[in-house]
> 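One structure is given below, represented as structure tokens, and several questions about it will come after.
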Amino acid sequence: MFYLSLSPVTSLYVCCTANALHTTSNSTKQFNSFITKTTSQQHLYAKITSLCSSPIPFKDTTDAHSLFSQLRDPNIDLYNALLRRVLSSKCKENALLAILMYVEMMCKGLDFDKYTYPLVIKACVELRELRYGRLVHAHVIKNGFALDLYVVNSLMRFYGVCGCVGSVRKAFDRSPLRDLVSWTILIQGYVDNGYWKEGVDLFFEMVDDGLRADERMMAVVISACAKLGDLRLGKKLHEYVWSYKLNFDVFLGNALVDMYLKCGERDVALSVFREMPMRNVISWNTLISGLAQRREFKQAMDAFNEMQDQGVKPDENTLVGVLNCCSNLGALGVGKWVHKYVDRNRIQVTGFAGNALVDMYAKCGTMDDALKVFGSMSTKDIYSYTSVIVGLAAHGKARMALDFFYEMLDIGIQPNEVTFVGVLTACSHGGLVEEGQKLFADMWRVHKLKPRIEHYGCMVDLLGRAGLIDEAMEFVQHMPIEPDASIWGSILAACRIQGKVELAEHVTEILVNIESEKDGTYVLMSNTYASVSKWRDALEVRKAMKRQKIKKVPGCSSIELDGIVSEFRRCDKAHPRSKDIYAAVEQLTLHLTGTEAFSNGSEYFIV
DNA sequence: TTAGGGTTAG
């Protein structure tokens, strides 16, 4: 009621004041004592001018605000300088203070100039607060700055970061003046909001209009191309860079490396990376995460080691990439090192790094550590919960996984498709048929999530593992999407456990039609025969594999020894530390199975 | 004095 009775400007003021005072509450005492001091206006001007020209990073917003509040008659230049200073260090508190100062000045009746609005809009961009920006936009129109190129470009950027692509487009279309910056912001508005193709199309539209792109624009367009994974387009854009002799700077280089990695040209990406005249931590992050996305985890870890050899300090994003590799390689030692690094450098264990740590511990088999990190996180999101749920499901802790799922719902975090993969896997491994069926139904009924093929796979697995093969078959027959090889694979696996030879033969036929070259189908069928002692049939299947030249794909695994990750697979030869690694594999096997499975010293060689 | 760039977990 109180808010409704206020004008938009006053309500913005009240809101900003409350927020700003809240964020600087620890300095309120200083603020109060300062404000009571009688300082001459001249002294204030001198102090603000020196504050604005100081090279020291601007952290304490209270001083700036208290100085500013005491100014009886500030001139616009001083005011703009102070705003610029406040916004020079990017943080939400300072952005909020900038808005607060803006509203206070408005209340004092000061006339803003064309330099003020881009600064105030920059604060709105930092805060990503649509209501603030819209109000500033209204003031811009009212005060006659709606045709200023810098103001319009700033507003376009604001609407872009707030996800309002339509407003970006509208501002662009209505503006009588457009330059390369306007086009870049327009394209970026589309790209940042997932309209990659539209962004690229706009680039070509601009080129057709006779404008020539610069490095900044090309970085945006190439990053859109990376997301599209369109190599032909990527090469065309690279040619554009060459033909106009654009400066091969670190931004453009990073965008090109990312594009080639995502478009499947690893070697070209590496050669671009090596040729870059300057690299920064983001260049390394791009390389590490790009290799990890290609599932070349070992190579990504090698890149990380090289980065450290060259003295480049990793940042939070590097650690996320490295932890992702550790999760996939089972490199617990390196993962623990990253955890220590995080603690040593006081990196907050929340957000990306925290979630990646939880995932790493869960995938490396130390679920207790995963839960410890999870428990220590001050803010948890969908990724934190999903990592824990998927981890617990994989560890066979079905009940616990589901408890976390219900807790997540209780605190108002909405699950997504991946969460449900974890939830349904938990039910399947825990034999919780009825609960699994209910949760599967809830996916659409309650959470409006359309089940994907992997969810149907989980359900088939759930029924198959519980011995309900007829129900599983019926489920498959009523699926709204075409069952794929993984679905039939689950049925076949269930047949092997239950010794259902006839059905297994039928499913094998289907599977061979879908993917005749895969070895798994034949192996499962052969094992099904073996499970009911039909040894001759089992042998026949193996012979058929030989006739059709289907080989068992050698399993590939990895092991970490003294912090170095080595990949090894069956029947490969020679590794500098083959003896050590072989011994470690033997030890691990002994530990896990209680038997010396690798008694023959020539069974495993190292890549 | 004011506007635009690259990487990122389940």
Side-chain angles (χ1 to χ4, degrees), chain A residues 52 76-85 87 112-122 125 145 148-158 160-161 177-189 191-192 213-224 226 249-259 261-262 276 279-290 292-293 315-325 327 350-360 362-363 381-391 393-394 415-422:
Chain A
C52 291
I76 191 67
D77 292 336
L78 186 69
Y79 169 73
N80 286 346
L82 191 57
L83 262 187
R84 196 176 315 115
R85 187 70 180 90
L87 291 168
F112 302 122
D113 65 9
K114 62 174 185 173
Y115 300 110
T116 316
Y117 288 104
L119 286 165
V120 179
I121 298 163
K122 195 183 199 174
V125 168
F145 289 97
D148 183 274
L149 182 64
Y150 281 73
V151 174
V152 173
N153 285 351
S154 303
L155 280 168
M156 280 173 57
R157 173 95 187 98
F158 166 74
V161 301
L177 280 172
R178 291 164 198 170
D179 65 356
L180 198 57
V181 178
S182 323
W183 277 97
T184 309
I185 298 170
L186 175 72
I187 293 172
Q188 205 191 0
V191 175
D192 283 353
D214 67 358
E215 293 82 4
R216 289 184 156 203
M217 174 171 280
M218 289 316 289
V220 175
V221 182
I222 292 168
S223 83
D249 68 11
V250 69
F251 290 97
L252 200 45
N254 292 347
L256 281 168
V257 170
D258 185 45
M259 182 273 289
L261 280 169
K262 294 219 169 92
M276 280 169 73
R279 290 191 282 260
N280 60 10
V281 64
I282 299 181
S283 321
W284 288 98
N285 293 351
T286 306
L287 183 64
I288 293 167
S289 65
Q293 269 168 17
D315 69 4
E316 198 183 322
N317 297 316
T318 324
L319 302 180
V320 171
V322 173
L323 285 170
N324 177 21
C325 296
S327 307
T350 48
F352 275 71
N355 293 339
L357 270 175
V358 172
D359 187 54
M360 181 277 294
K363 291 230 177 87
D381 61 10
I382 169 87
Y383 288 96
S384 335
Y385 271 96
T386 303
S387 293
V388 162
I389 292 167
V390 170
N416 64 18
E417 286 89 349
V418 187
T419 323
F420 270 100
V421 171

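Chain identifiers are assigned alphabetically (A, B, ...) following the order of the sequence lines, protein sequences preceding nucleic acid strands; residue numbering begins at 1 within each chain. We use all heavy atoms of the structure for the numbers below, so side chains are in, but hydrogens, waters and symmetry mates are not.
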> Do A:Ser387 and A:Asn355 meet the criterion of a side-chain donor-acceptor pair at a distance under 3.5 Å?
no
> Any base atoms under 4.0 Å from A:Asp315, or only sugar-phosphate, or nothing? Heavy atoms, all strands.
nothing
> What does A:Ile382 touch in the nucleic acid at a heavy-atom separation under 4.0 angstrom: a base, only the sugar-phosphate, or nothing?
base
> Heavy atoms from C-beta onward define the side chain here; which of B:dA3, B:dG10, B:dG5 lies closest to that of A:Val220?
B:dG5
> Just compare B:dT2, B:dG5, B:dG10 and give me whichever is closest to any side-chain atom of A:Pro118.
B:dT2
> Mind checking A:Leu180 for me? I need base, sugar-phosphate or nothing, with any heavy atom below 4.0 Å counting as a touch.
base
> Looking at B:dT7, B:dT1, B:dG4, which one has an atom nearest to any side-chain atom of A:Lys262?
B:dT7
> Side chain of A:Val181 only, heavy atoms from C-beta on: which candidate in B:dA9, B:dT1, B:dG4 is closest?
B:dG4
> Base, sugar-phosphate, or nothing for A:Val421, non-hydrogen atoms under 4.0 angstrom?
nothing
> Determine whether a donor-acceptor pair (one donor, one acceptor, N or O, separation below 3.5 Å) exists between the side chain of A:Asn254 and the base of B:dG5.
no
> Given the structure, check if the side chain of A:Thr184 and the base of B:dG4 hold any donor-acceptor pair shorter than 3.5 Å.
yes
> Compare the minimum distances between each of B:dG10, B:dG5, B:dT7 and the side chain of A:Tyr383, then state the nucleotide with the smallest one.
B:dG10
> With stacking defined as ring centroids separated by under 5.5 Å and planes differing by under 30°, is A:Tyr115 stacked against B:dT2?
no
> Any donor-acceptor pair under 3.5 Å linking the side chain of A:Thr286 with the backbone of A:Ile282?
yes
> Going by modelled atom types, is there a donor-acceptor pair between the base of B:dG5 and the side chain of A:Asp249 at under 3.5 Å?
yes
> Heavy atoms under 4.0 Å, any strand shown: does A:Gln293 hit a base, just sugar-phosphate, or nothing?
sugar-phosphate
> Report yes or no: does A:Asp214 contribute a side-chain atom to a donor-acceptor pair with the main-chain N or O of A:Met217 at less than 3.5 Å?
yes
> So, A:Asn254 side chain and A:Val250 main chain: donor-acceptor pair closer than 3.5 Å or not?
yes
> Tell me whether the ring of A:Phe352 lies stacked over the B:dA9 base, given a 5.5 Å limit on centroids and a 30° limit on the plane angle.
yes
> NA contact type, A:Arg157, heavy-atom cut-off 4.0 Å: base, sugar-phosphate, or nothing?
sugar-phosphate
> Regarding A:Val418, tell me which of base, sugar-phosphate or nothing describes its non-hydrogen contacts under 4.0 Å with the strands shown.
base
> Please tell me which of the listed nucleotides, B:dA3, B:dG6, B:dT2, lies nearest to the side chain of A:Ile185?
B:dA3
> Among the nucleotides B:dA9, B:dT7, B:dA3, which one has an atom lying closest to any side-chain atom of A:Asp381?
B:dA9
> Do A:Asn416 side-chain and B:dG10 base share a donor-acceptor contact under 3.5 Å?
yes
> If you only use heavy atoms from C-beta on, which nucleotide in B:dT1, B:dG5, B:dA3 is closest to the side chain of A:Phe251?
B:dG5
> Please classify the nucleic acid contact of A:Glu215 as base, sugar-phosphate, or nothing, using heavy-atom distances under 4.0 Å.
base
